[in-house]
Amino acid sequence: MSKSILRLMEERESTRTAFDPDKKITQKGLNLILEAARWAPTAHNMQNFQILAIDDVELLQKIGEVRSRISETFLKENYQQFSFSRKELARKGVGVLGSMFPPSWRNPSKFHSVTMNTPPRPLSETMQGSPLVLIVVYDPRKRAPASTGDFLGIISLGCVMENIWLAAQSLGISVQIMSIFSSRPAENDLKRILGIPKFMKIAYAMRLGYPGQRKEMKNYLRVRRDMSTFAHSNRWSHLG
Ligand SMILES: Cc1cc2nc3c(=O)[nH]c(=O)nc-3n(C[C@H](O)[C@H](O)[C@H](O)COP(=O)(O)O)c2cc1C
């Protein structure tokens, strides 16, 4: 592997700051990104994805008005990935900084009341001015051959995600995954607004753009495990 592709992979990151709605992605840029998706590996070459590229301002606004509620399960499982200091996160090498999230998401004793008392929030809070949203959709009736739960089909959608993300990164375009687009009831509202057939499923959405001001992500620390904690030479080795 050449150094440049490894560097691109290292530099690809989740951008959670607002994008400038006036800094559009060009048609040429979008075509390159969709071309990258086109060449993604998929189980049995099923190419089990459809992609809606939404840049129409009115439609983006309509999508932004869709509301979604955080579930208690999400809060509990999200909490399990937290580190409470940069030092702890750096030591662990996995997970995320708890300080990236609102204080009430960091207090398990409040999870129940947070889910009960917080009104559904509009997707515009996640979209943060994005000039382009990609929604990746698949047909759950068609699974990868003999793949329980369509495990291999779903992995294929992840390959599409990575191809898109790396292509965007190579063009200097920032990206954030928005899993919330596939949660109920938001998913149903989105399908209605966008005319997506009822039997299809939204896998995930990605927002693309250019950060408004200088990208400031003070609560963000990207870490990875050491290779020695996941790489086994030949046989499974006990990891200390
Ligand atoms: C399947 C999947 C779903 C994700 N969902 C979200 C999401 O809903 N919101 C978000 O901000 N990041 C999401 N992410 C991004 C991860 O949190 C992120 O990739 C990880 O923390 C590593 O950080 P990095 O992307 O900056 O390297 C998702 C990533 C993947 C692969």
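Whatever order the structure lists ligands and atoms in, that order sets their numbers, starting from 1. Worth knowing before you read on, the calculation uses all heavy atoms, side chains too, and leaves out hydrogens, waters and symmetry mates. Quick caveat, the model's predicted, so the values are computed rather than measured.
Across every non-hydrogen atom of V175 and W165, the tightest pair is CB-NE1, 3.2 Å. When all heavy atoms of K23 and G212 are compared, the closest pair comes out as NZ-O, 4.1 Å.
Residue contact check: R224 has heavy atoms under 4.0 Å from atoms 22 (C), 27 (O) of ligand 1.
In this structure a side-chain-to-backbone donor-acceptor pair under 3.5 Å is present from E187 to I202. A donor-acceptor pair under 3.5 Å is absent between the side-chain atoms of R143 and the main chain of G153, judged by distance alone.
The nearest protein atom to atom 26 (O) of ligand 1, hydrogens excluded, is given as Y220 OH, 2.3 Å; this is a heavy-atom distance. Among all non-hydrogen protein atoms, the one lying nearest atom 12 (N) of ligand 1 is R16 NH2, 3.3 Å. Atom 3 (C) of ligand 1 has its closest protein heavy atom at S179 OG, 3.4 Å.
For E13, heavy-atom contacts with ligand 1 shorter than 4.0 Å involve the backbone as well as the side chain.
Taking distance alone, with nitrogen or oxygen atoms compared against 3.5 Å, S14 approaches ligand 1 more closely than that limit. At a 3.5 angstrom cut-off on N or O pairs, I177 counts as close to ligand 1. For W165, no nitrogen or oxygen atom sits less than 3.5 Å from a nitrogen or oxygen atom of ligand 1, counting backbone and side chain alike.
By the side chain to side chain contact (heavy atoms under 4.5 Å, CB included) test, D226 pairs with S228, T229, sequence neighbours left out.
Put simply, no part of E11 is less than 4.0 Å from ligand 1, judged by heavy atoms. Residue contacts with ligand 1: M161 is included, with a non-hydrogen atom under 4.0 Å away.
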Let me see the working for F84 and Y79 under ring pair (Phe, Tyr, Trp, His ring centres under 6.0 Å), right down to the final yes or no. CA-CA 10 Å; F84 293 93; Y79 182 78; 5.8 Å; yes
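Put simply, atom 20 (C) of ligand 1 has no protein non-hydrogen atoms near it, under 4.0 Å away.
With F82 as the aromatic partner, R106 does not meet the cation-pi criteria of under 6.0 angstrom to the ring centre and within 45 degrees of the ring axis.
Of the options R91, R86, K92, a side-chain hydrogen bond (donor to acceptor under 3.5 Å, both in side chains) to E88 is made by K92 and by none of the others.
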